[in-house]
Amino acid sequence: MAKYDFKQIEEKWQNYWLEHKSFEVKEDKPNKYFALVEFPGPTAKGIHLGNARCYISPEVNARYKRFKGYNVMQPIGWDAFGLPTENYALKMGVDPRVSTANNIERFKNQFIKLGGSYDWSREIDTTDPDYYKWTQFIFLKLYEKGLAYRSKAVVNFCPKCKSTLSNEDSQGGVCDRCGSTVEQKTRDVWFLKITAYADRMLELLDKVDYPESVKVAQRNWIGKSEGAQVTFKVENTDDILSVFTTRIDTIFGVAYLAIAPEHPYIQKYKSSIKNFDEIANYIATVKNKTAFERVQVNKDKSGVKIDGLYAINPANNKRVPIYVADYVVMNYGTGAVMAVPAHDERDYEFAKKHNIEFIPVLQADVSENAFVDDAPHINSEQFNGLNIAEAKAQILKYLQEKNCAKTQVNYKMQDWAFNRQRYWGEPFPIIHCPHCGTVPLKYEDLPLKLPIVNDYKPNDNGDSPLSRASEWVNVKCPKCGCDAKREVDIMPNWAGSSWYWLRYMDPHNNNELASKEKMEYWNSVDLYAGGFEHVTRHMIYAQFWHLFLYDIGIVPFEIPFAKRVCCGLLLASDGSKMSKSKGNSVDPIDLIDKYGADTLRVFMVFLGDYTKSAVWSDTGINGASRFLDRVWNLKDLLTDEETYSPENEVLINKTIKSVTHDYDEFTLNTIVSTLMEFVNKVYDNKKITRKEFKDFLIMLNPIAPHITSELFENTFGTQILDEKFPTFDENKCIDNQIELPVQVNGKLKGVITVSRDSEQSVVEQALKTQLPQFADLQIKKIVYVKNRILNIIV
RNA sequence: GCCGAGAUGGCGAAAUUGGCAGACGCAGUAGACUCAAAAUCUGCCGGGAGCAAUCCCAUGAGGGUUCGAGUCCCUCUCUCGGCACCA
């Protein structure tokens, strides 16, 4: 069997598509389809096999949608700011501008080699001043609306990257980039008020087609909790101590209050606290624990009783001791909790450890464990007998009337710490003036370009490298004209990706981030593919910025991403994560050189469900390679007929039906199986008509675009991209003779051949002639489902 | 601990509505071609019993519904992913 020369053919078609601008689109047709994949951060290593997998299936989908008549925009670009590029540049001693340009060049070639049908006229690069001008523009808008603010705060700090991190960047207490354990440091921080959009983002989730796992992860990340803020009087003072609780119904069971080690009252009441030294000691040990350790020790409920400070329970005026305990965190709620050991597992552990007496306020046994389910209330005066919901409502009302409670909603998500003390990012369009304070640049002064500096290493005290670019830093205040300094921190690497899909719509616009008309045309992204690791990072930020831009009238539509799919991980053949250092990684470009891009695409798609993790196999790709050789040699079996042959009519209709369904459902692996079956049958029949061949090539083209383009051109003399996807006739998908399984008592015993839609009497007659041994049994009952099954009960 | 997804041959998987479990591949194996090898082609390929026709077992485990369950219901086990002292 002849092998096809994939090297020459693939290069030919890749050049053809570039020269003919085959995938460049304009806003000039109805039926738009916006296909988006997360744009890559171009690293020096080039794309790895896992990336390739993530890009291939959405790429196949985009090619399919074009055949179905959609005006498909599939753009690509480069998320090129950020630490990986900067660290690489530092290591190699080159300017990050140079390494970024080289990396982009490499990535672009690799995307072309994969056979990507991208609209190269829309290529974007987040490090291009013409691009980040608009990132800075959005920041100024946020600042203008009070959603960007600077404050001294305790934030996550990575000691290795020497930079502030957001909560999203330090999930699990480790730096997202380098894996170092993050520290807590007090610094000047630019915050974006993402919490103002928490409810809007939750509402957005009800309007989009995301996988349930993504919605759940985002809801958990936002962490909305509805409860009440209750105020306890501090005994012998006029002061109050506020706590947040979701279980106000248990207030009669409060055994103590617990406050965070960082709580301001510890310093405020220093003089009244008799054991202040002991408490200061405890706080010091807590501060020595990293955030990670504080999580690790969650079994051991440490804490110290504050001697000399008591609170008064507003429900029953009882005196309540106050503890400092590190299981209470300062950055959630009020930094203080009312502890009800009988009905909260953490409070229960703490009370047992510190021998604190408590009473149950729900009818239940609390001798071994806290009781957290529903039951009638007890020990709660006039609220006895009520269930949780009733007691919550009535006790809240009762305390509201006494003016010591109000409803309160809290979120786990916190404002986005937005500045980094590094070099390779967008400078803030902000000047600090000793007289005027924080002064924003004027819009017409954007972009504020990142200055070229000789030394951009981060330094140990965490000052930004830009602080050393004195010519750039020292400026006159735009308001009062006196000496002032620029903000020297930069934006995080998530800034540029928080709005990039909008720029694809109108990438060369110098007056707006994108024109209204084009944004109205392209509207929501129809399918957004990317990794699951981004759903509580990039996507949260992107949704926030989009809703903000929608609210201020810059973007004319509310939903950024109508549908999301997440690519599963690709594991090495030993089941572990692929990595260069382990030596178990495979370079997709090596595979393309050896087997061709079409073979890699067929195999990647054939591997299984896009959204599930998959294990790489070195030999599996042989199957894809053999299949394409067989496809190449189909031309030897071609007949002159321009119609379906009668014997293949059902086969081809069934194939088109199945393949269309699977493309629409984005279950691409079964398309390859179906097309393999088709090819196997053609080889059995030793012939294929021109019409059948044409339909087959179009069906395979999205997955294997080069070989099918070549065969199509050679056979039909025209371009496959000008074709429409073949359609099927439902009536011709059905065989007239069917093989009907025959069961006895539900177990398969044989098969009879009958005409489609046969009545039961006909089938029974067929049974008698074809399988007489089953017709003579002591038949109790016959279950016959037309075209499905005949089950004889004896 | 909570939430989510999942468990089908040696491996990747398929089974669209509850209706022939294992399609389609990989790997393996026997044969054809060849001086030989590779490539290609043909056959076999879940387990057990049997000369055989055939029979029995089998979709993580156990129960249930049903004429019929990989698919629906209940209980349990394990794997992966996310969150985690959030009051």
Side-chain angles (χ1 to χ4, degrees), chain A residues 1-3 171-173 211-221 223-225 227 243-247 258 294-301 325-329 331-340 344-347 349-350 410-413 532-533 535-536 566 568-569 571 573 602-603 606-609 611-624 626-627 629-630 633 657-658 661-662 665 667 669-680 683 739-751 780-785 787-794:
Chain A
M1 180 176 278
K3 285 205 161 279
Q171 297 184 25
E212 194 53 29
S213 55
V214 172
K215 290 190 179 186
V216 168
Q218 291 203 353
R219 284 196 194 103
N220 287 347
W221 185 255
K224 184 174 183 171
S225 175
V243 300
F244 174 70
T245 180
T246 54
R247 289 295 304 274
R294 248 171 108 164
V295 172
Q296 290 289 299
V297 295
N298 77 39
K299 289 277 171 267
D300 177 33
K301 293 277 176 294
D326 73 349
Y327 81 89
V328 182
V329 294
N331 55 13
Y332 184 75
T334 60
V337 301
M338 56 174 235
V340 184
D344 180 283
E345 280 162 21
R346 288 151 304 163
D347 299 344
E349 271 180 56
F350 190 88
N410 274 338
Y411 301 93
K412 269 199 258 184
M413 184 172 69
F532 193 85
E533 72 274 19
V535 305
T536 54
C566 291
L569 282 179
L571 302 170
S573 39
V602 167
F603 182 57
F606 188 51
L607 213 52
D609 188 334
T611 63
K612 287 193 196 138
S613 65
V615 177
W616 176 255
S617 144
D618 288 319
T619 53
I621 197 168
N622 292 331
R626 281 179 203 138
F627 169 62
D629 279 336
R630 282 162 74 82
N633 289 298
K657 182 182 177 183
S658 163
H661 174 270
D662 289 346
E665 295 295 310
T667 51
N669 51 333
T670 45
I671 295 174
V672 178
S673 311
T674 306
L675 294 177
M676 282 174 169
E677 269 178 278
F678 178 83
V679 169
N680 291 345
Y683 273 94
E739 302 213 312
L740 190 76
V742 177
Q743 296 180 336
V744 176
N745 290 341
K747 292 204 170 161
L748 183 75
K749 296 292 175 182
V751 176
K780 233 193 238 171
K781 186 182 166 189
I782 289 186
V783 178
Y784 173 58
V785 183
N787 305 326
R788 289 278 188 201
I789 200 127
L790 182 72
N791 192 5
I792 304 162
I793 318 304
V794 298

Inset, instruction - For the side chain of A:Asn791, starting at C-beta, report the closest nucleotide among B:C85, B:G68, B:C83. - result: B:G68
Legend entry - Closest listed nucleotide, where the reference is the side chain of A:Ser225 and the choices are B:G19, B:C83, B:A87: B:A87
Legend entry - Residue pair A:Glu349 / A:Tyr327, side-chain heavy-atom distance below 4.5 Å: no
Inset, instruction - Determine the interatomic distance between C1' on B:G9 and the same-named atom on B:U54; round to the nearest Å. - result: 23 Å
Inset, instruction - Check the angle between the aromatic planes of A:Trp616 and A:Phe603 and answer parallel, tilted or perpendicular using the 30° and 60° thresholds. - result: perpendicular
Legend entry - Beyond-backbone contact of A:Asn633 with A:Tyr683, side-chain heavy atoms, under 4.5 angstrom: yes
Legend entry - Per-nucleotide protein contact string for nucleotides 21-34 of chain B, where B marks a base within reach and S marks sugar-phosphate only (heavy atoms under 4.0 Å, - for neither): --BBSSS-------
Inset, instruction - Just call it for A:Asn669: base, sugar-phosphate, or nothing, with non-hydrogen atoms closer than 4.0 Å on any strand. - result: sugar-phosphate
Inset, instruction - Searching all strands shown, indicate the nucleotide that pairs with B:G28 (Watson-Crick or G-U wobble; both distances under 3.5 Å). - result: B:C44
Inset, instruction - Could you measure between the two C1' atoms, the one in B:A58 and the one in B:G46, and give it in whole Å? - result: 8 Å
Inset, instruction - Please report, rounded to the nearest Å, how far the P atom of B:U40 is from the CG atom of A:Asp629. - result: 7 Å
Legend entry - Donor-acceptor under 3.5 Å (A:Asp347 side chain, A:Val340 main chain): yes
Legend entry - B:U66 versus B:U71 - spacing of their P atoms, nearest Å: 16 Å
Inset, instruction - For nucleotides B:C35 and B:C45, find the distance between their C1' atoms and express it as a whole number of Å. - result: 31 Å
Inset, instruction - Rounded to whole angstrom, note down the P distance from B:A32 over to B:A38. - result: 14 Å
Legend entry - Sugar-phosphate only, base, or nothing, as touched by A:Val785 at under 4.0 Å among non-hydrogen atoms: base
Inset, instruction - Please state how far atom CG in A:Leu569 lies from atom P in B:G6, giving the value in whole angstrom units. - result: 16 Å
Legend entry - A:Phe244 vs A:His661, nearer the 5' end of RNA chain B by closest nucleotide: A:His661
Inset, instruction - Both distances under 3.5 Å, Watson-Crick or G-U wobble: report the partner of B:G4, or none. - result: B:C80
Legend entry - A:Tyr332 side chain near B:A87 phosphate (N/O to OP1/OP2, under 4.0 Å): yes
Legend entry - Student check: side-chain heavy atoms of A:Val742 and A:Ile792 closer than 4.5 Å: yes
Inset, instruction - Figure out the CG/C1' separation between A:Asp609 and B:U8, and round it to whole Å. - result: 15 Å
Inset, instruction - Figure out the OH/C1' separation between A:Tyr327 and B:A84, and round it to whole Å. - result: 16 Å
Legend entry - Side-chain heavy-atom pair A:Ser225, A:Tyr332 within 4.5 angstrom cut-off: yes
Inset, instruction - Nearest-nucleotide wise, let me know which of A:Ser613 and A:Ser658 is further upstream toward the 5' end of RNA chain B. - result: A:Ser613
Inset, instruction - Provide the distance between the two P atoms, one in B:C74 and one in B:A23, to the nearest whole Å. - result: 32 Å
Legend entry - Contact check, side chains of A:Pro211 and A:Thr611, non-hydrogen atoms, under 4.5 Å: no
Inset, instruction - Please examine the side chains of A:Phe627 and A:Leu675, heavy atoms only from C-beta on, and report whether any two atoms are closer than 4.5 Å. - result: yes
Legend entry - Separation between the C1' atoms of B:C76 and B:A27, rounded to whole Å: 35 Å
Legend entry - P atoms of B:C24 and B:C44, separation to the nearest Å: 12 Å
Legend entry - Out of B:A87, B:C3, B:C20, whichever nucleotide has its closest atom nearest the side chain of A:Asn220: B:C3
Inset, instruction - If the glycosidic angle is within 90 degrees of 0 it's syn, otherwise anti, so just tell me which one B:G9 is. - result: syn
Inset, instruction - Look at the side chain of A:Lys412 and the base of B:C83, then say whether one donor and one acceptor between them are separated by less than 3.5 Å. - result: no
